[in-house]
Amino acid sequence: MLLEGPVLEVAPLLLGATLRHGEVACRLTEVEAYDGPDDPGSHAYRGRTPRNAVMFGPAGHLYVYFTYGMHFCCNVVCGPEGRARAVLLRAGEIVDGADRARARRPAARVDRDLARGPARLCQALGIDREQNGHDLSAPPLTLELGTPAVSVRTGPRVGLREAADRPWRFWLPDDPSVSTYRPATVRPRRTS
DNA sequence: GCTCCGATTATCT
DNA sequence: GATAATCGGAGCG
């Protein structure tokens, strides 16, 4: 697979690609690039830790992390070993196995919301800790690239406090499954 | 140890 | 638009 390369080149290639986990398949419509050591917004910015170790591994593997005490999000690793480049899969359209996806996402009232958002995408596809480090060329969890998108839009990444100015979010224009942009939440300073 | 806060989401006003 | 829910990584001392 042609997954190894600079994040800004690989990220747009993932738009339109199909991530499949068993009977459920998702056509990716929105992704974000993270460039290891040079990117203050990346989990790998401060070096290798047990949590982010997969990011430092070979391209084509899945980096899954747990956040906000309840959600999983997943990235496709695209750097050579030691470089920690990865692309966060932010949203997509369920194109196969919608029944199963709906069962996993009871809160989704319409199919458009099944995988609209990084944690929703993981939930719809049944991705959690178990899949961290998984090789995406190995069924039942695989990534298949499609024909490169004709038109791609870019803009700032979602929910980051650091390096929010980098336009490293990529999406397919006018696709209804693209998540809505939200800047980082600012929590009130604790007064103790 | 202990504290802060996050690559989020669902739900309510 | 606002906010609660929930837990583990990372920084500090």
Side-chain angles (χ1 to χ4, degrees), chain A residues 7-8 10-12 14-15 19 26 28-57 61-79 83-94 101-133 143 153-171 176-192:
Chain A
V7 276
L8 299 186
V10 174
L14 294 180
L15 295 176
L19 182 66
C26 178
L28 303 177
T29 58
E30 178 187 357
V31 300
E32 275 178 4
Y34 288 87
D35 192 9
D38 305 323
D39 181 4
S42 170
H43 288 171
Y45 184 55
R46 292 179 179 80
R48 182 176 184 140
T49 68
R51 176 210 202 187
N52 66 25
V54 171
M55 289 182 98
F56 289 82
H61 288 242
L62 201 63
Y63 164 52
V64 183
Y65 69 91
F66 181 65
T67 191
Y68 288 98
M70 63 192 94
H71 297 304
F72 293 96
C73 299
C74 67
N75 299 245
V76 173
V77 176
C78 61
R83 189 73 223 272
R85 296 193 286 215
V87 178
L88 171 69
L89 308 184
R90 285 201 56 88
E93 173 196 7
I94 299 299
R102 288 188 200 105
R104 287 177 174 145
R105 295 253 319 115
R109 304 193 174 186
V110 295
D111 284 0
R112 161 183 195 249
D113 286 343
L114 286 174
R116 187 162 83 122
R120 292 166 164 183
L121 186 152
C122 283
Q123 198 178 352
L125 285 168
I127 291 170
D128 61 21
R129 281 183 229 291
E130 301 271 305
Q131 282 74 40
N132 188 35
L143 179 70
R153 303 201 55 152
T154 69
R157 295 180 290 188
V158 175
L160 291 200
R161 306 166 95 90
E162 297 295 328
D165 53 313
R166 303 189 188 189
W168 286 4
R169 176 180 178 231
F170 299 77
W171 67 93
S177 65
V178 171
S179 66
T180 53
Y181 176 72
R182 281 179 307 263
T185 59
V186 189
R187 265 214 304 218
R189 181 105 172 109
R190 221 170 90 166
T191 66
S192 112

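The sequence lines fix the lettering, A, B, ..., with proteins before strands; numbering per chain opens at 1. Worth knowing before you read on, the calculation uses all heavy atoms, side chains too, and leaves out hydrogens, waters and symmetry mates.
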query = From A:W171 CH2 over to A:T29 OG1, what is the distance, rounded to the nearest 0.5 angstrom?
reply = 11.5 Å
Measure from [atom1] on [X] to [atom2] on [N] and round the result to the nearest Å.
{"X": "A:R166", "N": "B:dA7", "atom1": "CZ", "atom2": "P", "answer": "14 Å"}
{"X": "A:L114", "N": "B:dT9", "atom1": "CG", "atom2": "P", "answer": "13 Å"}
{"X": "A:L160", "N": "B:dG6", "atom1": "CG", "atom2": "P", "answer": "10 Å"}
{"X": "A:M70", "N": "C:dG8", "atom1": "CE", "atom2": "C1'", "answer": "12 Å"}
{"X": "A:F170", "N": "B:dA7", "atom1": "CZ", "atom2": "C1'", "answer": "15 Å"}
{"X": "A:F66", "N": "C:dA10", "atom1": "CZ", "atom2": "C1'", "answer": "16 Å"}
{"X": "A:D128", "N": "B:dT9", "atom1": "CG", "atom2": "P", "answer": "16 Å"}
{"X": "A:L121", "N": "B:dA7", "atom1": "CG", "atom2": "C1'", "answer": "13 Å"}

request  = If a pair satisfies salt bridge (charged side-chain N to carboxylate O under 4.0 Å, His left out) and one of its residues is in residues 28-37 of chain A, list it, with sequence neighbours excluded.
outcome  =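 Those involving residues 28-37 of chain A are A:E30-A:R90, A:E30-A:R169, A:E32-A:R90, A:D35-A:R83.
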Ignoring hydrogens, what is the shortest heavy-atom contact between [X] and [Y]? Give both atom names and the distance.
{"X": "A:Q131", "Y": "A:G126", "answer": "OE1-O, 3.6 Å"}
{"X": "A:S177", "Y": "A:G92", "answer": "CB-O, 3.4 Å"}
{"X": "A:A11", "Y": "A:V31", "answer": "O-CG2, 3.5 Å"}
{"X": "A:V54", "Y": "A:L62", "answer": "CG1-O, 3.5 Å"}

query = Is there a donor N/O on one and an acceptor N/O on the other, under 3.5 Å, for the side chain of A:Y68 and the base of C:dA5?
reply = no
ask   = Do A:R129's NZ or CZ and the ring of A:F66 fall within the cation-pi criteria of under 6.0 Å and 45°?
value =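 Relative to the ring axis of A:F66, which defines the angle, A:R129 lies inside both limits.
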inquiry  = Would the distance check show the side chain of A:H61 and the main-chain N or O of A:V77 forming a donor-acceptor pair, the cut-off being under 3.5 Å?
reply    =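 No, the answer is negative, given that no donor and acceptor are paired below the 3.5 Å cut-off.
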inquiry  = Checking the side chain of A:N52 only, and the main-chain atoms of A:G47 only, is there a donor and an acceptor separated by less than 3.5 Å?
reply    =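 Checked: pair present.
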key: Of residues 39-54 of chain A, the positions that come close to DNA chain B - non-hydrogen atoms, cut-off under 4.0 Å   =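 Residues of residues 39-54 of chain A under 4.0 Å from DNA chain B: A:G41, A:H43.
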task = Examine B:dC5: is either OP1 or OP2 under 4.0 Å from a nitrogen or oxygen in the side chain of A:R161? Give yes or no.
result =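 Looking at the OP1 and OP2 atoms of B:dC5, neither is under 4.0 Å from any side-chain N or O of A:R161.
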query = Can you tell me which stems DNA chain C forms when a stem means 3 or more consecutive Watson-Crick or G-U pairs under 3.5 Å?
reply = B:1-6 with C:7-12, B:8-12 with C:1-5
task = With C1' as the reference atom in both, quote the distance from B:dC5 to C:dT3 in angstrom, rounded to an integer.
result = 16 Å
Can you list, pair by pair, the side-chain donor-acceptor contacts under 3.5 Å of residues 112-125 of chain A, counting residues two or more places apart and other chains?
unit_1, atom_1, unit_2, atom_2, d
A:R112, NE, A:P176, O, 2.9
A:R112, NH2, A:P176, O, 3.3
A:D113, OD1, A:R116, NE, 3.2
A:R116, NH1, A:V178, O, 3.4
A:R120, NH1, A:R116, O, 2.7
A:Q123, NE2, A:R104, O, 3.0

Would you tabulate the pairs of protein nitrogen or oxygen atoms and nucleotide nitrogen or oxygen atoms of nucleotides 10-13 of chain B closer than 3.5 angstrom?
unit_1, atom_1, unit_2, atom_2, d
B:dA10, OP1, A:R105, NH1, 2.5
B:dA10, OP1, A:R105, NH2, 3.4
B:dA10, OP2, A:R120, NE, 2.8
B:dA10, OP2, A:R120, NH2, 2.6

Partner set under side chain to side chain donor-acceptor pair (under 3.5 Å) for A:D39, not counting sequence neighbours = A:R157
inquiry  = Going by centres under 5.5 angstrom and planes under 30 degrees, do the aromatic ring of A:Y34 and the base ring of B:dA7 stack?
reply    = yes
inquiry  = Out of the candidates A:Y65, A:F56, A:Y34, only one should pair with A:H43 under the ring pair (Phe, Tyr, Trp, His ring centres under 6.0 Å) rule; please name it.
reply    =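 Single ring pair (Phe, Tyr, Trp, His ring centres under 6.0 Å) partner of A:H43 among A:Y65, A:F56, A:Y34: A:Y65.
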key: Among B:dT8, B:dA7, C:dA5, the nucleotide that comes nearest once only the side chain of A:L88 is considered   =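 Given the options B:dT8, B:dA7, C:dA5, the side chain of A:L88 is closest to B:dA7.
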